[in-house]
> 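Structure incoming, see below.
Please read all numbers here as calculations on a predicted model, not as lab measurements. Throughout, a chain's letter reflects where its sequence line sits, starting with A, and its residues are numbered from 1.
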2 protein chains.
Amino acid sequence: MTEPMYRQIADDLRAQIESGAIAQGAKLPTESELRVGYGAARNTVREAVKLLSSRGLVESRPGLGTFVTRSARPFVTTLAAAPLPEAGGAAYAGALGDSEGTEAVAGLNEQGRTPSASGPLVTVQTTPDDVAVWLGISPGTQVVSRRWEWFADGRPWSLRTSYYPFEFVASGATDLVRAEGLPGGSVAYLERRLGLVQVGYRESILARPPASDEAKFLELPDDGRGCVVTVARASYRQGEGRLIPFRVTVTVLPADRIVLVINSGEVPDLADHTAPEVA
Amino acid sequence: MTEPMYRQIADDLRAQIESGAIAQGAKLPTESELRVGYGAARNTVREAVKLLSSRGLVESRPGLGTFVTRSARPFVTTLAAAPLPEAGGAAYAGALGDSEGTEAVAGLNEQGRTPSASGPLVTVQTTPDDVAVWLGISPGTQVVSRRWEWFADGRPWSLRTSYYPFEFVASGATDLVRAEGLPGGSVAYLERRLGLVQVGYRESILARPPASDEAKFLELPDDGRGCVVTVARASYRQGEGRLIPFRVTVTVLPADRIVLVINSGEVPDLADHTAPEVA
DNA sequence: GCAAATTTGTTCGTATGTATT
DNA sequence: CAATACATACGAACAAATTTG
């Protein structure tokens with residue numbers, strides 16, 4: 001029942017970090033010092049440090065040393081804003097995903113962050129299987145995908161990809177395949193062009209390890225540590241006596257730098273009462 | 001700029017897994033076989049396998065071998081249900097956190113899952129710093145914490161801890177310190193006993209590595225792989241001309257087994273149109 | 001029930017490469 | 001260039017878990 005030595009060392013170091021005995025940003029003892037201090041082989045203390053590193057508690061840099069990770073102020077994103085039942089046109093407007101311009105990240109401005117985006121990368125492709133299910137179309141059908149890369153304060157912040165049935169383009173929504181932002185957002189464009197009115201949407205949130213392209217863009221270490229949070233939104237319109245999905249947007253965010261917020265009923269302004277950020 | 005050998009091996013194995021050449025649940029070659037196959041030392045192929053393991057792609061079991069992880073059907077939890085403005089009493093009722101009984105997990109029943117809970121573990125403690133901020137009370141103040149352990153299908157599903165200012169007990173809400181469920185939930189109890197009416201709440205979602213006690217209960221491997229999703233809810237009441245937080249509930253869920261869903265406006269039933277679950 | 005074989009887990013030692021100052 | 005510190009790679013030995021004969 002005795003713990004392996006590298007776990008004991010890791011637990012000891014973790015306790016020192018969490019108690020503040022080793023402060024944020026401070027340098028850990030070098031591997032040689034740890035080797036002597038714990039009376040273990042260098043490989044063994046490396047196992048311990050790797051455990052902490054894979055948990056994100058410390059970061060190692062060759063030639064410099066190993067440092068306690070600084071927790072950065074997270075980007076706060078408000079998900080489901082209060083419903084806007086009296087707005088004309090679309091009955092519901094969401095904070096994350098409707099707009100393609102800077103409106104989509106207005107919340108970041110309020111936090112004193114400066115958001116920016118790459119233009120959309122537009123591709124026509126065979127539907128990914130999962131997207132086909134959400135859009136209610138047959139696997140193998142063509143879809144238009146529009147991918148944006150978002151930055152906040154110059155740091156990568158999110159990857160957002162929207163999928164539309166290709167038939168929308170054939171029906172006249174030709175701007176969908178132009179690599180430019182759609183004024184007012186794609187939902188408004190589809191309403192103008194095809195008369196599709198968004199009456200609601202469903203968002204699914206999950207956390208998972210990053211794909212390699214995601215890890216690369218979001219600057220997540222490619223060693224399996226850290227994960228991404230994805231917010232997948234299916235937008236619905238009324239049609240044929242039932243609700244029909246007409247767009248899917250997937251937003252991928254780095255888990256260690258974001259907080260998602262949902263307000264229900266009457267709540268104070270975020271500035272007045274900070275959102276819970278669990279340590 | 002050449003990739004380290006253990007990464008090349010990991011990439012090769014990952015490609016085989018993702019292409020299906022090694023099926024879900026199938027056994028990887030043993031470390032000895034991999035050593036011969038890749039012409040590397042055993043420690044090197046172990047590094048490669050560890051990388052995949054920390055990403056959750058494979059699981060190793062002593063004496064048996066290493067197997068491709070089976071992706072389980074996730075538990076779907078609906079977060080912000082449609083607002084209930086016409087309900088008497090509390091203006092807003094939430095799906096996750098208001099009720100202490102089985103109502104809180106009714107959604108699981110609909111999925112054919114059988115939820116169960118341990119009784120609450122009640123403690124009176126000094127306020128954790130973060131909780132103090134959300135409750136708007138001074139650090140060092142006493143709070144009542146009520147922790148529930150939830151299971152679904154016999155598997156651990158979530159840890160839920162609610163915090164209340166201790167003054168509520170002194171003011172007459174003495175049942176808060178009893179280790180029993182409160183009929184109708186604690187929000188209803190506080191309204192009956194103290195006249196506190198919940199007018200809204202804010203939920204903050206984030207993903208982070210598990211604390212060691214969380215990893216233990218949720219049966220997450222203690223090797224840093226995997227993370228937890230936390231949903232922290234601050235509940236507000238109207239008072240003194242402003243909104244005052246009166247309760248904080250933190251729910252901790254295993255990231256690899258859950259999906260959070262938010263509905264806005266008109267959406268189909270979940271059973272009719274499956275929530276997006278991004279692969 | 002027990003012993004052997006198989007497979008992963010832990011620990012050590014050593015050597016060399018690479019990034020930073 | 002030299003010193004420092006982490007990264008990679010190899011080899012070896014023993015421990016612990018599991019299955020099989």
> Whole angstrom is fine here: how far is it from CZ in A:R35 over to P in C:dT11?
16 Å

> Do B:N43 and B:Y6 have side-chain atoms, one donor and one acceptor, less than 3.5 Å apart?
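No - no donor-acceptor pair under 3.5 Å links their side chains.
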
> In whole Å, what is the span from the CD atom of A:E31 to the C1' atom of C:dG13?
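Whole-Å distance recorded here is 15 Å.
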
> For B:S145 and B:T123, test the side chains for any donor-to-acceptor distance below 3.5 angstrom and give the result as yes or no.
yes

> For B:S32, answer base if it contacts any base atom (sugar-phosphate contacts may also be present), sugar-phosphate if it contacts only those atoms, and nothing otherwise; contact means non-hydrogen atoms under 4.0 Å.
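Here B:S32 touches no strand at all.
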
> Output the single nucleotide from D:dC10, C:dG9, C:dT11 whose closest atom is nearest the side chain of B:M5.
D:dC10

> Output the rounded distance in Å from CZ (B:R46) to P (C:dT10).
7 Å

> Determine whether B:F217 and B:F151 satisfy the following criterion, ring-ring contact (aromatic ring centres under 6.0 Å, His included), listing intermediate values before the conclusion.
CA-CA 10 Å; B:F217 171 69; B:F151 302 83; 5.4 Å; yes

> What does the B/S/- profile of nucleotides 15-21 of chain D look like, 5' to 3', with a 4.0 Å heavy-atom cutoff to protein?
--BSS--

> In whole angstrom, give the distance that lies between atom CZ of A:F67 and atom C1' of C:dA19.
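Rounding to the nearest Å, CZ of A:F67 and C1' of C:dA19 are 13 Å apart.
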
> Please report the distance, rounded to the nearest Å, between OH in B:Y6 and P in C:dG17.
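After rounding, the gap between these two atoms is 17 Å.
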
> Counting distance only, does the side-chain N/O of B:R146 pair as donor-acceptor with the main-chain N or O of B:E180 below 3.5 Å?
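A pair under 3.5 Å: yes.
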
> Taking atom P of C:dT18 as reference, at what distance in whole Å does atom CD of B:E3 sit?
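B:E3 atom CD is separated from C:dT18 atom P by 13 Å.
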
> Below 4.0 angstrom from OP1 or OP2 of D:dA9, is there any side-chain N or O of B:T44?
no

> Report yes if a side-chain nitrogen or oxygen of B:T66 is closer than 4.0 Å to either non-bridging phosphate oxygen (OP1 or OP2) of C:dT7; otherwise report no.
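Checking B:T66 against C:dT7: no side-chain N or O falls below 4.0 Å of OP1 or OP2.
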
> In plain terms, say whether B:R208 and B:E214 are close enough for a salt bridge, that is, a side-chain N and a carboxylate O under 4.0 Å apart.
yes

> Any ion pair linking A:R257 and A:E219 (charged N to carboxylate O, less than 4.0 Å)?
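Salt bridge flag = no for A:R257 with A:E219.
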
> Taking CD from B:E47 and C1' from C:dG17, how many angstroms apart are they, rounded to a whole number?
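Rounded to the whole Å, the gap is 15 Å.
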
> From NZ of A:K50 over to C1' of C:dT10, roughly how many Å is that when rounded to an integer?
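Taking NZ of A:K50 and C1' of C:dT10, I get 13 Å after rounding.
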
> By nearest nucleotide on DNA chain C, pick out whichever of B:N43 and B:T30 is the more 5' one.
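It is B:T30 whose nearest nucleotide is closer to the 5' end.
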
> For A:E149, check salt bridge (charged side-chain N to carboxylate O under 4.0 Å, His left out) against everything at least two apart and list the hits.
none

> If only side-chain N and O atoms of B:S60 are considered, is one of them under 4.0 Å from the OP1 or OP2 phosphate oxygen of C:dT8?
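No, B:S60 has no side-chain N/O under 4.0 Å of OP1/OP2 on C:dT8.
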
